[in-house]
Structure formats: structure tokens, C-alpha cells
There are 2 protein chains.
Amino acid sequence: MKAQKIKLAVDAVVFGYEKERLYILLIQQKFGPLKNQWALPGGFVKNGEGLQQAVERELREETGMTLDYLEQLATFGDDIERDPRAQVVTVAYYGLVNSSRFVLHAGSDAEKTQWFPIHDAPKLAFDHAQILETALERLKGKLRYQAVGFDLLDKEFPFSDLEQLYMTILERKIDRRNFRKKMLSLGFIEETTKQAAKTNGRPGKLFRFNQKKYKKLRKQGFHFELKFA
Amino acid sequence: MKAQKIKLAVDAVVFGYEKERLYILLIQQKFGPLKNQWALPGGFVKNGEGLQQAVERELREETGMTLDYLEQLATFGDDIERDPRAQVVTVAYYGLVNSSRFVLHAGSDAEKTQWFPIHDAPKLAFDHAQILETALERLKGKLRYQAVGFDLLDKEFPFSDLEQLYMTILERKIDRRNFRKKMLSLGFIEETTKQAAKTNGRPGKLFRFNQKKYKKLRKQGFHFELKFA
DNA sequence: ACAAAAGTGTTAGACCTACACCCATGG
DNA sequence: CCATGGGTGTAGGTCTAACACTTTTGT
């Protein structure tokens, strides 16, 4: 049997959220064959390196970022020419970053890093548009039955932020009363005594996601579904 | 950068169902380093070959089987020593075969192929037990909100077979009346005029899964969930 | 006092759950 | 006529969905 020439890469779809908009993190090569093309952060897996380890390294190297949430999405390798230069199979991950860490390190000499509104992203290299599409669908799906999404908010947040986040990601209107009722009934969101910073209108109480309680519940076989969403 | 030495493989978790038991397909190497160890069917991806294509080829070569349903499960490659001989990343698939094709081709000289009851499988090579575990969880999960599972039955089946299948996979009792009501209300199961073959007791009507109708519904954003299950 | 956003309860309908008896067939 | 499995309805409880006014704060 001939030696295997297939290369293995990892890519990450990183979502961020700020001011009622969902963003995605992209990088642009300044030199080389991909010059000026926007692409997902990622790269080849190194010998002796695990997959997750590889994405985390690439993200650190390319964007200076560590994610709060990172999960394997799918592996893309049915189209053997998805990278025209060689047969490359890529394991795609998707991740979420807290808005407080939304600020990017300055780009290196070789690469530019930038957030783009999810529906206003440039044309992407390879099949990265398809990977992005898949990630977005997954995110929308997960939101309905897992407590994902808190990683996109501050640690303490007014309830309206949570509601807005859900509406933004799911691209749907949600009834405020029903949403709050349901969310609080799940038992892993805690009220703090603090008030949100001053804005227009009446300031809301701040809430906190209790990850420990959530994990405990999950272990006990707890699961929920948001129907209205 | 050093040449990448990581090898890329595919493996398949193939489920079969017969007489109220869920089975999995395993192969046993007769020679070589894996001699006598049971493992999932699979092998290395060839140059110029897509991933799905690779699993299908391996399945054909090793078991003579073509699957009715085959879906990517996950990619395993965080443990760089999951295969002690070299760093191998494997893209795992899971599939379902119709019970009418449950019979296996005679094993080759080099390999033995055999169905094992899911909870009575031998010790597996590498991390294949973990892959199997993941596949089973996925199957259980999917069963609740997708019309998977019909591929495990005959094209026309009595309702009790469907019910038994769900009970077997989910390892739960299900109320007959509620199950039938819910399933039929979804609108993609059709009654035929035929009667089941003679057995003990009253013979049931045969039903058929209307795949076209199901796909149409899905495109329209239809989705369901089986709660009792 | 006005503008802006937070906070809050009720009701009708849909869906889930639990439950038991009669029916058709073969032996 | 008996044994075996198929077929069917209903009532109570829970969850969802729809809906509008009052409260708090800053200007």
C-alpha cells in the first residue's frame, strides 16, 4: 500500500456576541498562496499532538485567544479537492468566547484577525463557508436543549441580555415573560443582589449562570427543551 | 515543519436489529498484530479517497455489506496513543442495516465477521469500546427526534415491531397506545392493506415508512420529539 | 412628567401520561 | 374455547402560548 499523503488539519468556528449581534472570528493571510483570502483560524495538526490540543494551539498562535467553550463539530473530507493544493481532511471545532474578551491581540505581521457579523462575513477560503454554516446550525440547535450561550455573556448579566442573545442567535422573537419563567424554572440561573449598570430605563437585576448546579443536574439525567425558541 | 506522520483512518459502528435484540458488527483479525482481537470494521483512508467513500469501501471489503443509513459520528484523536503503533486519528461513522440483510458473507481467510448483541460484545481493540459507547448514545438520542430506525426494520412492518425496536434501543417500557398515537400523528407512517405473516395471536396490519413524505416535512422545518421515550 | 426598559400572572388550548378491555386468529 | 398478541379511548395533569399594564430609573 502506498504511503498515505492525506494531511490532517483543524479549524475553529469561533462565535462572539456583542450588542445584539453575533460575530465570527476570521483571519486573513497577508502572504503566501492564500494571500488576502479570509479563512477560519486553524492549521495542520503536529506530530504527537491531540486534536483539541491542536485547535487550542492554533487559536492561541493566530488570535491570542483561549476559549470558554470548544467542541468538536464535524470532520470535512468527502470532497478530496476542498483544498486544491493537496488532500486535506479537517476536523472542525466550534467555540464561544465571552464578550469581555472580545478584544483581539494586534495581528501578527503575517496575519490579520478580525471579527465579522455573522451575516456579513467576507467570502471564505476552501469550504469554510460550509463549515461556518454547519457550526451555526449546531449552535442554534444546541441552544434549545443545552445551557450553552452563557459563555457569550458576561459572568453576571441582566435577564434582557440573555433574552436578546437567544433572539439574536435563533433569529426569532421570544416572549419575555414566557422566556424568563421557563429559564428560571430550570434552576441553574441565580439572581444576584446587584443591579445592572445605569442605562436608559429601569435597571434590571443581574443574574448568574451556576455551572456547577447545571453539571450536577445533567449527571442526574436532567434535560430540557425550549419550545418557543 | 516536519512532515506530518499522523495517519487517518475510518471506523464504522454498524447496528443491526433482530428479534428484539440490538446487535453490532465486529471483525476479528486472524493474523497480524491484532490477532484474535475484535474491532470495529474500518481501516486507513486511501489517497484520493473521500471519508465516507472510505468507510463504505472498508465495509464492503471486510463484511460485504452496504448500509441503508450511514452518518458521521465523531473523530477520535485526542489520545495520541489510542493506537500504540502509531498516531492514528479515526473518523468514526455509525450505520444501520436492515434486518433482511442481516446475513453475513462468509468471512475471508484473514478476517472473521460476526454480529454481537450490543450488551454482550467482546473486549474491543484500541478505544473502540468508547466509540461504540458514543455511537449508542447518539443512536438513542436521534431516535427521539428523527425518523431513524426504520432502516433497522423490514420495509413493511407490524406496528409492534416498531414499538419493540424503540423499547429495545432505549431500554425502556413504552405505552403501546400512546406510542402508536404519537407515531401515526407525525404523518410519515402509512398503513398498508396487508396483514403480517401468521404467528401466534391476531395478526397486525403492516405499515410502511414514507421516506419522501418525511424528507418533505423536514424541509418545511418540521421536527418532533418523543417524550415518553 | 416623560421616555425607556424591567418586571410580572392568567387563561385557553395542546400535549403527555396513565390506564383496561375487547378483537381476531391459530391451535 | 383458549392462548396469544393486536387494536382502541378517555380523563387528569402539565406545559406552552398568547397577551398588557405597572414599576423604576434617568433626563
Side-chain angles (χ1 to χ4, degrees), chain A residues 18-20 143-145 153-154 156-168 170-208 217 221-229, chain B residues 18-21 143-145 153-154 156-168 170 172-208 217 221-229:
Chain A
E18 196 169 61
K19 299 211 190 82
E20 310 182 10
L143 211 56
R144 287 164 188 263
Y145 62 91
L153 297 174
D154 293 329
E156 305 195 327
F157 52 85
F159 220 92
S160 53
D161 274 20
L162 186 62
E163 189 195 323
Q164 267 302 336
L165 174 71
Y166 273 74
M167 291 202 278
T168 302
L170 298 172
E171 302 175 276
R172 249 193 194 73
K173 269 185 199 134
I174 296 175
D175 181 90
R176 191 149 38 107
R177 283 177 281 194
N178 293 338
F179 182 77
R180 176 188 270 248
K181 218 182 305 168
K182 181 67 188 249
M183 276 293 175
L184 289 177
S185 79
L186 299 175
F188 51 70
I189 298 178
E190 292 171 347
E191 198 173 317
T192 70
T193 53
K194 295 175 205 160
Q195 297 277 115
K198 32 188 91 169
T199 57
N200 275 11
R202 171 176 173 178
K205 286 183 216 127
L206 292 180
F207 291 80
R208 195 191 305 119
L217 285 166
F222 161 86
H223 72 126
F224 65 90
E225 206 201 346
L226 305 176
K227 287 277 179 64
F228 49 80
Chain B
E18 197 169 58
K19 300 213 189 80
E20 311 182 10
R21 300 254 276 178
L143 212 56
R144 287 164 187 262
Y145 62 91
L153 297 175
D154 294 329
E156 305 195 328
F157 50 87
F159 220 93
S160 52
D161 274 20
L162 186 62
E163 190 196 324
Q164 267 301 337
L165 174 70
Y166 273 73
M167 290 202 279
T168 303
L170 298 172
R172 249 192 193 74
K173 271 187 198 133
I174 296 177
D175 182 272
R176 191 150 40 109
R177 284 177 279 195
N178 294 339
F179 182 76
R180 176 187 268 248
K181 218 181 306 170
K182 181 65 190 252
M183 276 293 177
L184 290 176
S185 78
L186 299 176
F188 50 72
I189 297 177
E190 292 171 348
E191 198 173 318
T192 71
T193 54
K194 296 173 203 157
Q195 298 276 117
K198 34 189 90 167
T199 58
N200 276 11
R202 171 175 174 180
K205 287 183 214 128
L206 292 180
F207 291 80
R208 195 189 306 120
L217 285 166
F222 161 86
H223 72 128
F224 65 90
E225 205 200 347
L226 305 176
K227 289 278 180 63
F228 48 79

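The structure displayed is predicted, hence computed values, not measured ones. Letters A, B, ... mirror the listed sequences (proteins, then strands); counts begin at 1.
- The salt bridge (Lys or Arg N to Asp or Glu O under 4.0 Å) search around A/Glu191 returns A/Lys205, not counting sequence neighbours.
- In this entry the distance linking CG of B/Leu184 with P of D/dG6 reads 15 Å, nearest Å.
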Would you give me the side-chain donor-acceptor pairs under 3.5 Å for residues 221-229 of chain A, sequence neighbours excluded?
none

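- A straight line from CE of B/Met183 to P of D/dT8 spans 17 Å, rounded to a whole angstrom.
- Straight-line distance from the NZ atom of A/Lys205 to the C1' atom of D/dT23: 12 Å, rounded to whole Å.
- Of the inter-residue distances, the one linking B/Leu162 atom CG with B/Phe179 atom CZ reads 4.0 Å to the nearest 0.5 angstrom.
- Within the 4.5 Å cutoff, the side chain of A/Glu163 has heavy atoms near those of the A/Arg176 side chain.
- The side chain to side chain donor-acceptor pair (under 3.5 Å) check on B/Asp154 picks up B/Ser99, with sequence neighbours excluded.
- One interatomic measurement links the two molecules: CZ of B/Arg172 to C1' of C/dC16, which rounds to 15 Å at whole-angstrom precision.
- At whole-Å resolution of the value, CG in A/Leu162 and P in C/dG7 are 12 Å apart.
- Judged as a salt bridge (Lys or Arg N to Asp or Glu O under 4.0 Å), and not counting sequence neighbours, the contacts of A/Arg208 are A/Glu156, A/Glu190.
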Reading nucleotides 22-27 of chain C from 5' to 3' and marking B where a protein heavy atom lies under 4.0 Å of the base, S where only the sugar-phosphate is that close, and - otherwise, the string is -BBBS-
Pick out the pairs of N or O atoms, protein on one side and nucleotides 9-15 of chain C on the other, that lie under 3.5 Å.
{"unit_1": "C/dT10", "atom_1": "O4", "unit_2": "A/Lys181", "atom_2": "NZ", "d": "2.9"}

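- Contact check for B/Gln164 versus B/Met167: side-chain heavy atoms found under the 4.5 Å cut-off.
- Atom-to-atom, CZ of B/Phe179 to C1' of D/dT8 comes out at 16 Å; the value is rounded to the nearest Å.
- For the pair B/Met183/B/Phe207, no side-chain contact is recorded, criterion being any heavy-atom separation below 4.5 Å from C-beta on.
- As rounded to whole Å, 14 Å separates atom C1' of C/dC19 from atom NZ of B/Lys173.
- In this model, the phosphate group of C/dA6 is approached by a side-chain N or O of A/Ser160 to a distance below 4.0 Å at OP1 or OP2.
- No side-chain heavy atom of A/Phe159 sits under 4.5 Å from any side-chain heavy atom of A/Leu206.
- Put simply, CZ on A/Arg176 is 10 Å from C1' on D/dA20, counting in whole angstrom units.
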